[in-house]
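Data first, discussion second: the structure below is written as structure tokens.
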Amino acid sequence: PMDYGNQLYRTEQLVSALFLKYRDPRLTYHNLAHTFEVVRRSNEIGLSYALHEEDIYILQTAAWFHDTGQLIRQGKGHEIKSVNLLKEHASDLSITKALLEQINRVILATAESVEPHTLSEKIIRDADTYHFGTLLFRQTDPLIRKEIELFSGKVQTNWFAKSIELLVHHRYYTDYCSGKLSNGKAQNIIWLSTQK
């Protein structure tokens with residue numbers, strides 16, 4: 001049987017090394033700290049649904065890799081790049097073809113344009129935007145703005161209006177997050193409306 005704990009430890013080491021190797025100071029938000037947060041939250045949500053060990057492993061591996069494509073980003077579609085990076089390293093992590101396909105589907109579900117279907121896909125989406133319903137959002141929102149400005153070379157105007165729109169149209173896909181975070185998200189929308 002597979003030692004999932006050891007597998008995830010190796011995954012953590014490998015992804016941490018990738019973030020070090022391709023370190024880009026412009027990634028003020030999509031960095032290792034954000035990855036750690038998504039791994040932590042996907043584990044929290046996954047455990048609340050009593051997921052099987054293998055499903056937790058798939059979810060956690062997807063969470064580790066979901067933003068690695070940002071490290072080699074050229075334009076949109078970093079999720080595909082994340083999937084390709086995982087494919088490159090799949091043999092290093094002894095990931096079988098069947099597991100790889102499942103992990104890839106979960107990574108691809110983090111794209112905003114994708115409607116998540118399976119529980120694991122819904123969990124990773126909620127883990128990725130968990131902070132929308134917590135006070136952490138008030139730290140991350142300026143970091144995302146800075147990151148976009150550093151990559152585009154353009155000052156972001158009407159930022160708070162765009163952030164409000166983002167939160168208003170955002171939804172949590174799991175009952176766990178919807179119940180726990182919707183109130184906090186409403187508070188963050190109020191907070192955004194007071195920002196100048």
Practice problem: Give a yes or no on whether R138 atom CZ has more than 12 heavy-atom contacts from other residues, nucleotides or ligands under 6.0 Å away. | Solution: yes

Exercise. Might you work through the side chain to side chain contact (heavy atoms under 4.5 Å, CB included) test for L136 and E37, ending with a clear yes or no?
Key: CA-CA 11 Å; L136 180 64; E37 178 70 7; 3.8 Å; yes

Self-check item: side-chain contact (heavy atoms from CB on, under 4.5 Å) partners for L14, two or more places apart
Solution: L18, F65, H89, D92, L93

Quiz item: Stepwise, does the side chain to side chain contact (heavy atoms under 4.5 Å, CB included) test hold for Y4 with I56?
Solution: CA-CA 9 Å; Y4 294 111; I56 289 272; over 6 Å; no

Quiz item: Shortest non-hydrogen contact from I107 to S82?
Solution: CG2-CB, 3.9 Å

Quiz item: Does S152 have any side-chain contact (heavy atoms from CB on, under 4.5 Å) partners at least two apart in sequence or in another chain, and if so, which?
Solution: I148, K154, Q156

Quiz prompt | Any residue meeting side-chain contact (heavy atoms from CB on, under 4.5 Å) with S91, in chain and number order, not counting sequence neighbours | solution = none

Practice problem: Could you name each residue pair satisfying salt bridge (charged side-chain N to carboxylate O under 4.0 Å, His left out) that touches residues 6-22, not counting sequence neighbours? | Solution: none

Quiz item: With D128, which residues qualify under side-chain contact (heavy atoms from CB on, under 4.5 Å), at least two apart?
Solution: H34, V38, H66, T110

Practice problem: Any chance you could lay out the side chain to side chain contact (heavy atoms under 4.5 Å, CB included) test for D24 and L71, step after step, and finish with the verdict? | Solution: CA-CA 7 Å; D24 188 334; L71 297 168; 5.6 Å; no

Quiz item: Excluding sequence neighbours, so at least two apart, what forms side chain to side chain donor-acceptor pair (under 3.5 Å) with S42?
Solution: Q60

Self-check item: Sequence neighbours excluded, every pair satisfying salt bridge (charged side-chain N to carboxylate O under 4.0 Å, His left out) that has a member inside residues 104-121
Solution: E115-R171

Quiz prompt | Contacts of W191 that satisfy side chain to side chain donor-acceptor pair (under 3.5 Å) - sequence neighbours left out | solution = none

Quiz item: Looking only at atom types and distance, does a side-chain atom of D126 sit under 3.5 Å from a main-chain N or O of Y172, one as donor and one as acceptor?
Solution: no

Exercise. For T28, check side chain to side chain donor-acceptor pair (under 3.5 Å) against everything at least two apart and list the hits.
Key: none

Exercise. Would you list the pairs meeting salt bridge (charged side-chain N to carboxylate O under 4.0 Å, His left out) in which at least one residue belongs to residues 46-66, sequence neighbours left out?
Key: none

Practice problem: Calculate, to the nearest 0.5 Å, the distance between atoms CD1 and OG1 belonging to I95 and T11 respectively. | Solution: 5.5 Å

Quiz item: Which pairs count as ring-ring contact (aromatic ring centres under 6.0 Å, His included) when at least one residue sits in residues 94-142, sequence neighbours excluded?
Solution: Y29-H131, F132-F137, F132-H170

Quiz item: Are the side chain of D67 and the backbone N or O of N31 linked by a donor-acceptor pair below 3.5 Å?
Solution: no

Practice problem: Would you give the length of the straight line joining atom CG of L32 to atom CG of L27, rounded to the nearest 0.5 angstrom? | Solution: 11.0 Å

Exercise. May I ask you to say whether E165 pairs ionically with K162, meaning some side-chain N is under 4.0 Å from a carboxylate O?
Key: no

Quiz item: In Å, rounded to the nearest 0.5 Å, how long is the span from OH of Y173 to CZ of R125?
Solution: 4.0 Å

Quiz item: Where do C177 and I45 come nearest, in terms of heavy atoms and distance?
Solution: SG-CD1, 3.4 Å

Quiz item: Which residue pairs pass the salt bridge (charged side-chain N to carboxylate O under 4.0 Å, His left out) test with at least one member in residues 42-52, sequence neighbours excluded?
Solution: R41-E44, E44-K180

